[in-house]
Peer 1: 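The following block contains the structure, expressed as structure tokens.
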4 protein chains.
Amino acid sequence: MKTDMMRCAIVGLSGYTGKEVFSLLLNHPQVRVSYVAAQNTTGPVSGIWPEFLNRTSLVCQKFSVKETVKHSDIVFLALPHTESMKIAGALLKNGLKVIDLSADYRLKNTQTYESWYGHKHVDAKNIHKAVYGLPELYRQKIKKAGFIANPGCYPTAAILGLAPLVATRSKSIASIIVDAKSGVSGAGRKASVNLLFSEVADNFMAYKVLSHQHTPEIDQCLSQLAGHGVSVHFVAHLLPMDRGILETMYVQLKGPLTLKQVHTLYTKFYKIEPFVRVHPMGAQPEVKNVAHTNFCDIGLALSNDQKMVVITSVLDNLVKGAAGQAIQNMNIMCGFHEIEGLL
Amino acid sequence: MKTDMMRCAIVGLSGYTGKEVFSLLLNHPQVRVSYVAAQNTTGPVSGIWPEFLNRTSLVCQKFSVKETVKHSDIVFLALPHTESMKIAGALLKNGLKVIDLSADYRLKNTQTYESWYGHKHVDAKNIHKAVYGLPELYRQKIKKAGFIANPGCYPTAAILGLAPLVATRSKSIASIIVDAKSGVSGAGRKASVNLLFSEVADNFMAYKVLSHQHTPEIDQCLSQLAGHGVSVHFVAHLLPMDRGILETMYVQLKGPLTLKQVHTLYTKFYKIEPFVRVHPMGAQPEVKNVAHTNFCDIGLALSNDQKMVVITSVLDNLVKGAAGQAIQNMNIMCGFHEIEGLL
Amino acid sequence: MKTDMMRCAIVGLSGYTGKEVFSLLLNHPQVRVSYVAAQNTTGPVSGIWPEFLNRTSLVCQKFSVKETVKHSDIVFLALPHTESMKIAGALLKNGLKVIDLSADYRLKNTQTYESWYGHKHVDAKNIHKAVYGLPELYRQKIKKAGFIANPGCYPTAAILGLAPLVATRSKSIASIIVDAKSGVSGAGRKASVNLLFSEVADNFMAYKVLSHQHTPEIDQCLSQLAGHGVSVHFVAHLLPMDRGILETMYVQLKGPLTLKQVHTLYTKFYKIEPFVRVHPMGAQPEVKNVAHTNFCDIGLALSNDQKMVVITSVLDNLVKGAAGQAIQNMNIMCGFHEIEGLL
Amino acid sequence: MKTDMMRCAIVGLSGYTGKEVFSLLLNHPQVRVSYVAAQNTTGPVSGIWPEFLNRTSLVCQKFSVKETVKHSDIVFLALPHTESMKIAGALLKNGLKVIDLSADYRLKNTQTYESWYGHKHVDAKNIHKAVYGLPELYRQKIKKAGFIANPGCYPTAAILGLAPLVATRSKSIASIIVDAKSGVSGAGRKASVNLLFSEVADNFMAYKVLSHQHTPEIDQCLSQLAGHGVSVHFVAHLLPMDRGILETMYVQLKGPLTLKQVHTLYTKFYKIEPFVRVHPMGAQPEVKNVAHTNFCDIGLALSNDQKMVVITSVLDNLVKGAAGQAIQNMNIMCGFHEIEGLL
């Protein structure tokens, strides 16, 4: 028994993200899962998710702040947005480290949050405490953080795909289009007709065209990186597959760059990163190669006039786009090796 | 405009079966859809099912007996079981021809119905009026029928696969196992977590093992065919695909038969059938070859000791297993060419 | 027997496109398939494609010009590019009408063909005879044509999605990006490791980024439409599904337009078209709704600054993107009703 | 660098099984991959399988006995059958431990091998040295073995599902039917038209009905277990998914058993097994729950007359059905903890 290890709680076990956090923590050598809860589902974890049969005797509880505080050192909130903000404050006040996988603490401006998510923010005072948990950009802040707003799946792929250019050449960028495609698990585990197998299989469609709620999250991060306002055109599509995101990004430049220049920019930018892999020139990343991993793979191409960079960025929306990144953040916050439990 | 044509009503347009009936009737040269209704969904058909955009101006109504009677000569009930039995009687009393695609009128014994479906039957008096709509076995009765109990998808594949042996050699049969696999659309269009894409894709499982409610329907028909009680062991499985059923049937014989004998038996039995295709010896049917068609394809194999016949039977659960067979029944009842609108 | 009907030959029956042409012609009321051939596959059609069991007694022949001429009035060439150009000339010379589904006669400039396809063109003299078979733009020319270069699948979706804007506002367009996603059948039926189920399922990737051979075909047609040179940035992606294309097109305008203006432009442009459906404002087309049909469905959206139009265009790559469009061309050429056999 | 660790070689890296062995060994704490080879593919592993980018610098070599011997202590042969038997002897003679994942050394009778596989066996003298590597039945023999014939995927699921009954009640068994369904990766990575995405997706079929080459392997093992000849009726089917096997087994008993009796029999039989999970009575295993794991999950049901036991057995054909079981065998042979690298 790993009794002396750091104790982790998961709130929201019945969703796909909560399950993925649980699965990853089960194999993490430095921590143990000490408490699991959900809002409406209770009972043995192996009853809720039979893949854990014989692997855990934990029982999922109806969520209680008191019990969470009693049994854990760090909490993963794998809840739908608007639910996290109701409980994060109480957990923080009781001294727990909190990693929130919802969107509730990602946007620094509550008005932006409220207009894109259509709900009033009920815990505005804690927003400024939350560090945006994208290790490749904010590792130093994460080290010192007690509260993490874990990035969205689409924003992770977009920001990692755009950061090298935006951070170093933002003045040369005329416009950015993000054409994003995601597997279905990104929509969560809700009984909705439009997520049925018979609706999604053999089908493909765009949705929330130019109006997806992840857009301001991308803009906020890129603007911070550029030092001035940056906004992208973002279109989401639903793929007939379970896991994985691929985003094709079109960056219109004001002046030409060579592919070699762009490639060098990217490989240098991510030189020390354990989870970002820039593909060789001419090669394209595939979703299959990052499924069930914490990698974000990036491919680069350039138009003949050298003024349109096409960046493809792939990741597993449940891992680097959610649970894996949350573990990565935990590793950094807690002083573990950053790749622990993830490779 | 096909104004002088036979007028068809569809009740239950918002389900997959109702949509399939609508789609087939739209291309039927002898009839027109004059009225469509559902229990909870109303509005333009092309709003409910955008594939019909520019193809129909019909509006789905909240179901009313009076309006159905006023606007139609024949009614297709594409409703969940327990719903049909509440309204079929009123439609019949008003002189409409009725084809019920639910299970409500298939079982002649109400006790059997009630124990397998878990609901009291509220229209027992009309059960005997319903002809079991399997044209290959009951064509003459269907011709004279005003009320059809359209067979279930699993029973259609099982009965067509077993009928030649059971009708001619039932005394030589020691036991029958039906190992059935179905695409997801057979479960209907309900917002249920276990029908989500993320649950069904990359997955396969048995369900209702030896306890599926289609079992007594198969037994009832085979017993009638044999002239004595026949019962099968039936196990259902859920395939990660939208449409199609394959059933693998194991018939243990008391004495040997040659494959040639079995094959001849089958080809003779189905010699004149437009929608049953017995494959050549050695060939196996595939779901893909019957998808979107009204065919049931059959393959035959024999064990070395010549006492185990393995029959494979495939069909599209939404066509020959539901809507297509309903149209076939309509064609027979109404004196149209049996294949009209189906080939 | 439809002995007095127009006689159709299909060359290339063993591919997905050839099969689709065969399937559509089988249900066409004005013609009969009189001759089928392939380059390497021979034998009964129902042996090559068991879905046609009991539906045809035709036997696929090794291709011969002489036999084709003897048995047919019109020929569909469903061959890989570079193969059509070897035989189209001989068929034309013998007075047959020819509809070529390959790329061989689409590009008017042989140098462009040779640089994008990597092969020398061996029948340059017949290129100018071929009419580009996109009925929505070239219906009058098709009526008088004896030789059709049937458009590619990607170009059909792109051109139909862009034509209204390019034809009427080309001077206001600053740039065009086409982000295209296709099902696997578009790659044809070749035994290639990268088309295996295990490689394609649960996967998604970009390919031939900014270098797909359909790009010059799109540019050629749009330039003709605009009256000046137009070129697009085109990126292809492979979807984990069999049929269907969705292209998301980003048109950067020099000045603003309202969504209402754009929508009106499109609905007027396609007012009389039987196979193009412009979706209501706010609605997005889905691949599922055009699968197995000859429709191209179009959706429209606009950025907040009213200067970025996002057009989504979907079709079935084997139908409107190939075989269906070929039948539509035949209908026009032969004076049949344009929708015959297609609705 | 894990320089002092046991050195593993993989021959056949370019297939799905070879890749899976590589992937599992990469995460194994007690060994390192020291040599990888294939018959036709050479070059960096991360070029052949980009998922290993940044994770390995190994280069795949053209296979040579000498190099294999020089660089490794144990060799995994992930080759097609008939290939392993050409090289296993030389590797054994040089003192290497060998785990052969092909079928070449599984059948003890060369005539049986030759009649089912259609090839002469060229290394008959080493067949008796090979231990059949099913740890749940042969753990003690495996401990002392230097040469393992790793079981087939179908046989592993069948034997584990049947062993408790066959080992303890074989005299009461009247007949056994195995209705097996497998994902496509079981067929290997060969460029074959019938394995294309467009052929497999949305499709399902039986194949090699009553004539699959895995049948004698199942019979051989069950007969040994029973102490007398046992033979099964085996039918294989191809599922439209990548990974996973489910086998539904019908055991006809001569006399009745209660479900409780059967369930107790199974739970006792597998009480100490780390990788076999008998589901609670009433629950059915699902492929999804064992995908990417070394588990075999088993479900049990009984007919009303208590004489037909229906056993469902699921596993991942590439893990417990191939590579995972091979690692499990290595762990046992080498004195590692049996679950090392597998949980």
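Lettering follows sequence order; numbering is per chain, from 1.
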Peer 1: Do the non-hydrogen side-chain atoms of C/Tyr117 and C/Thr82 ever get within less than 4.5 Å of each other?
Peer 2: no
Peer 1: Can you tell whether the side chains of D/Arg106 and D/Asp104 come within less than 4.0 Å, N to carboxylate O?
Peer 2: no
Peer 1: May I ask you to list the residues in residues 189-211 of chain C that approach chain D closer than 4.5 angstrom, counting heavy atoms only, ordered by number?
Peer 2: C/Arg189, C/Lys190, C/Ala191, C/Ser192, C/Val193, C/Leu195, C/Leu196, C/Phe197, C/Ser198, C/Glu199, C/Val200, C/Ala201
Peer 1: Could you work out, with side chain to side chain donor-acceptor pair (under 3.5 Å) as the rule, every residue matching D/Ser102, not counting sequence neighbours?
Peer 2: D/Ser84, D/Asp100
Peer 1: Applying a heavy-atom distance below 4.5 Å, give me the residues of residues 235-248 of chain D that approach chain C, sorted by number.
Peer 2: D/Pro240, D/Met241, D/Asp242
Peer 1: Would a 4.5 Å heavy-atom cut-off, applied to side chains only, mark C/Val75 and C/Val11 as touching?
Peer 2: yes
Peer 1: Do the side chains of D/Val33 and D/Leu58 get nearer than 4.5 Å, heavy atoms only?
Peer 2: yes
Peer 1: Please identify each residue that fulfils side chain to side chain donor-acceptor pair (under 3.5 Å) with C/Gln61, with sequence neighbours left out.
Peer 2: none
Peer 1: Measure from the ring center of D/His212 to the ring center of D/Tyr154 and say whether it is less than 6.0 Å.
Peer 2: yes
Peer 1: Are D/Phe76 and D/Phe22 an aromatic pair, judged by ring center distance below 6.0 Å?
Peer 2: no
Peer 1: Is it true that C/Glu67 and C/Lys62 make a salt bridge, defined as a side-chain N closer than 4.0 Å to a carboxylate O?
Peer 2: no
